[in-house]
Amino acid sequence: MKTKLILLVLATVGVCMSQTNTNSGEKVKRPQRSFVGDVPTTVADSVAETLKFAEGNFLGVAEAMPESKYDYVPTSGKFDGVRSFGEQVKHVACAQFAFFNEFEGKKPPDDCEKGGHDAAKTKTELIQYLKNSFDYSNRVIAGLTADNALDRIEGRYAAPNTKLGISVASVWHVTDHYGQLVEYLRMNGMVPPMTQKYGLKVR
């Protein structure tokens, strides 16, 4: 199953970004991407393109939900103790930093289960935190190569693992929470932006 997931990630192509920045806001130019036609020819771009596609979907739902609903928690069904919409956004942002801190051999945040120690609270602040985390992960994943893909990494988030493994885990994690926030959006009568292009409506 794990092998199939990795192959699926390596085979999928997403959307592209030209610049990234770190959590501090420092602008960093990404290395030249390597493609033959539409197919990436490096390990980094094989995973990064899929990660950026997942990030774009997640950012779409984060921007679609009105700020007044960022504290929304479903009440119909078994939702005791779940995160609010805003807490989900903050958790994903923190986790992106955590995964790729471990990739770089740095100490990750201790509290991503609760959203981390970043001060972001409003919708604008949370979306900026999210964008910063995506920019950081895209910059770090550009350093993934065939030579270091199986290098061992340590940490409390999806580790022990390899650099390739933690990168794939980050894709899975974003899509896992994307699926949860799609439900939050639909419970409020909204269709996720990525789904809207297919002409599907709330029944």
Side-chain angles (χ1 to χ4, degrees), residues 1-17 19-24 26 28-31 33-34 39-59 62 83 87-118 120 126 129-181:
M1 183 67 181
K2 192 177 287 186
T3 301
K4 289 182 179 178
L5 176 61
I6 292 173
L7 290 174
L8 176 62
V9 170
L10 294 178
T12 307
V13 178
V15 294
C16 305
M17 291 182 181
Q19 275 195 331
T20 60
N21 59 48
T22 64
N23 192 27
S24 64
E26 175 190 357
V28 180
K29 188 173 181 180
R30 287 197 67 215
R33 290 163 35 252
S34 179
V39 180
T41 60
T42 68
V43 176
D45 283 322
S46 293
V47 182
E49 293 304 300
T50 305
L51 177 57
K52 285 181 283 186
F53 181 74
E55 291 170 350
N57 290 345
F58 191 89
L59 187 58
R83 297 180 180 97
E87 287 170 340
Q88 293 253 24
V89 172
K90 192 169 187 179
H91 167 67
V92 168
C94 186
Q96 285 298 104
F97 281 114
F99 290 140
F100 288 97
N101 281 165
E102 291 181 351
F103 184 111
E104 290 193 298
K106 299 176 180 177
K107 186 179 184 302
D110 293 324
D111 48 3
C112 285
E113 291 83 358
K114 297 180 179 179
H117 57 275
D118 192 278
L126 288 169
Y129 182 35
L130 186 65
K131 288 179 177 179
N132 288 347
S133 76
F134 289 160
D135 289 344
Y136 169 67
S137 59
N138 287 325
R139 179 180 66 81
V140 176
I141 206 172
L144 182 66
T145 68
D147 290 333
N148 68 20
L150 299 182
D151 285 358
R152 182 183 175 94
I153 59 171
E154 303 290 347
R156 60 187 299 267
Y157 299 103
N161 210 325
T162 63
K163 288 185 174 181
L164 174 60
I166 203 83
S167 301
V168 172
S170 74
V171 177
W172 166 81
H173 188 255
V174 172
T175 56
D176 175 50
H177 286 278
Y178 170 75
Q180 295 178 49
L181 292 195

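Position 1 is the first residue of the sequence, and the numbers go up from there. Owing to the predicted nature of the structure, the values given are computational and were not obtained by experimental measurement.
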K.L.:
Please determine, by modelled atom types, if E104 and Y136 share a side-chain donor-acceptor pair under 3.5 angstrom.
P.N.:
yes
K.L.:
Would you please indicate if the ring centroids of F58 and H177 are separated by under 6.0 Å?
P.N.:
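Not under 6.0 Å, so no.
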K.L.:
If I take atom NZ from residue K163 and atom CG from residue D151, how far apart are they, to the nearest 0.5 angstrom?
P.N.:
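One gets 5.0 Å once the value is rounded to the nearest 0.5 Å.
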K.L.:
Is any side-chain heavy atom of F100 closer than 4.5 Å to one of S167?
P.N.:
yes
K.L.:
Are any of the side-chain heavy atoms of T42 and T145 separated by less than 4.5 Å?
P.N.:
no
K.L.:
Is the shortest distance from a Lys or Arg side-chain nitrogen in E113 or R83 to a carboxylate oxygen in the other one below 4.0 Å?
P.N.:
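No, this pair does not count.
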K.L.:
In this structure, which one of V43, V47, D45 forms a side-chain contact (heavy atoms from CB on, under 4.5 Å) with I141?
P.N.:
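It is V47, the one option of V43, V47, D45 that forms the side-chain contact (heavy atoms from CB on, under 4.5 Å) with I141.
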K.L.:
What's the shortest heavy-atom distance between A169 and A158, and which atoms?
P.N.:
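Closest heavy-atom pair between A169 and A158: CB-CB, 4.0 Å.
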K.L.:
Show your working on side chain to side chain contact (heavy atoms under 4.5 Å, CB included) between N101 and Y157 and close with a plain yes or no.
P.N.:
CA-CA 10 Å; N101 281 165; Y157 299 103; over 6 Å; no
K.L.:
What's the shortest heavy-atom distance between E102 and P108, and which atoms?
P.N.:
OE2-CG, 3.7 Å
K.L.:
Before you tell me yes or no, could you show the steps for E87 and K90 under salt bridge (charged side-chain N to carboxylate O under 4.0 Å, His left out), namely the whole-Å CA-CA distance, both residues' side-chain angles and the distance that decides it to 0.1 Å?
P.N.:
CA-CA 5 Å; E87 287 170 340; K90 192 169 187 179; over 6 Å; no
K.L.:
Looking only at heavy atoms, what is the nearest atom pair of I166 and F99, with distance?
P.N.:
CG1-O, 3.7 Å
K.L.:
Search all heavy atoms of L150 against all heavy atoms of T162 and return the closest pair with its distance.
P.N.:
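Distance-wise, the nearest heavy atoms are O-CG2, 3.6 Å.
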K.L.:
When you measure from the side chain of D176 to the backbone N and O of W172, does any donor-acceptor pair fall under 3.5 Å?
P.N.:
no
K.L.:
Please give me the minimum heavy-atom distance between V174 and A54, naming the atom from each residue.
P.N.:
CG1-O, 3.6 Å
K.L.:
Could you tell me if S137 and E55 have a donor-acceptor pair between their side chains, going purely by distance under 3.5 Å?
P.N.:
yes
K.L.:
At their closest point, which heavy atom of R156 faces which heavy atom of P109, and how far apart are they?
P.N.:
NH1-O, 4.1 Å
